[in-house]
Amino acid sequence: ENENENKIVNILLKGIPAFATTHSISEFLKDYEITRDKVKIPRLSNGQIYGIAYVECKSMEIAKKIVFQKSKTKFQNRPIGIEIIENENLFENENLSLNLLKI
């Protein structure tokens with residue numbers, strides 16, 4: 001068994017609308033064991049969102065399923081892009097640095 005399969009993996013959602021919430025994103029991904037505490041939405045200092053969200057998945061298998069099954073599907077009437085990101089400690093860093101956003 002590949003030990004990486006059970007490691008926590010983060011995915012990036014791109015193109016989310018400005019009024020998206022951790023609740024609406026977790027609802028969109030509820031079939032994949034995603035709860036609100038697994039969703040992070042980076043915000044500008046004025047509270048606006050960048051149009052992206054990070055989601056923590058329990059395993060690479062779940063992350064891949066989300067990418068294959070949900071990429072380009074509509075979330076709140078907008079097609080969203082989803083990709084796996086290689087960054088181990090994303091959720092430990094509350095100050096999501098702007099470097100992460102240069103995607």
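Throughout, numbering of the chain's residues begins at 1 and tracks the sequence. For clarity, every value in this text was computed on a predicted model and none was experimentally measured.
- With a 4.5 Å cut-off on side-chain heavy atoms, V39 and Y54 do not count as touching.
- From I82, atom CD1 reaches atom CD of Q69 across 10.0 Å, with rounding to the nearest 0.5 Å.
- Scanning both residues, R78 and P17, for their nearest heavy atoms gives NH1-CA, 3.4 Å.
- The 12-atom threshold is exceeded at CG of N46, counting heavy atoms of other residues, nucleotides or ligands nearer than 6.0 Å.
- Annotation: side chain of V9 is not in contact with side chain of K64 (no heavy-atom distance under 4.5 Å).
- In this structure, S26 contributes its side chain and T22 its backbone to a donor-acceptor pair below 3.5 Å.
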| task | Kindly determine whether I84 and M60 satisfy side chain to side chain contact (heavy atoms under 4.5 Å, CB included), including the steps that lead there. | result | CA-CA 9 Å; I84 293 169; M60 180 60 83; 3.8 Å; yes

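- The shortest distance between side-chain heavy atoms of F19 and S24 does not fall below 4.5 Å.
- The two residues A20 and R43 come nearest to each other via the heavy atoms O-NH2, 4.4 Å.
- The hydrophobic cluster containing L44 also contains I52, counting ILVMFWY residues as joined when their side-chain heavy atoms lie under 4.5 angstrom apart, directly or transitively.
- Of the inter-residue distances, the one linking C57 atom SG with I8 atom CD1 reads 9.5 Å to the nearest 0.5 angstrom.
- For the atom pair NE2 (H23) and NZ (K30), the distance works out to 9.0 Å, reported to the nearest 0.5 Å.
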>> Working note: K14 + E83, criterion salt bridge (charged side-chain N to carboxylate O under 4.0 Å, His left out); need CA distance, chi angles, decisive distance, verdict.
In response: CA-CA 8 Å; K14 298 190 287 191; E83 61 192 57; 2.9 Å; yes

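- Considering only heavy atoms from C-beta on, K70 comes within 4.5 Å of F28 through its side chain.
- We find the CG-CD1 distance between L12 and I85 to be 5.0 Å, quoted to the nearest 0.5 Å.
- The distance from atom CD1 of I41 to atom CD1 of I16, rounded to the nearest 0.5 Å, is 5.0 Å.
- Between Y32 and V55 the shortest side-chain heavy-atom distance does not fall below 4.5 Å.
- T35 OG1 to I25 CD1: the interatomic distance, rounded to the nearest 0.5 Å, is 12.5 Å.
- For the residue pair P42 and A53, the shortest heavy atom distance occurs at CD-CA, 4.3 Å.
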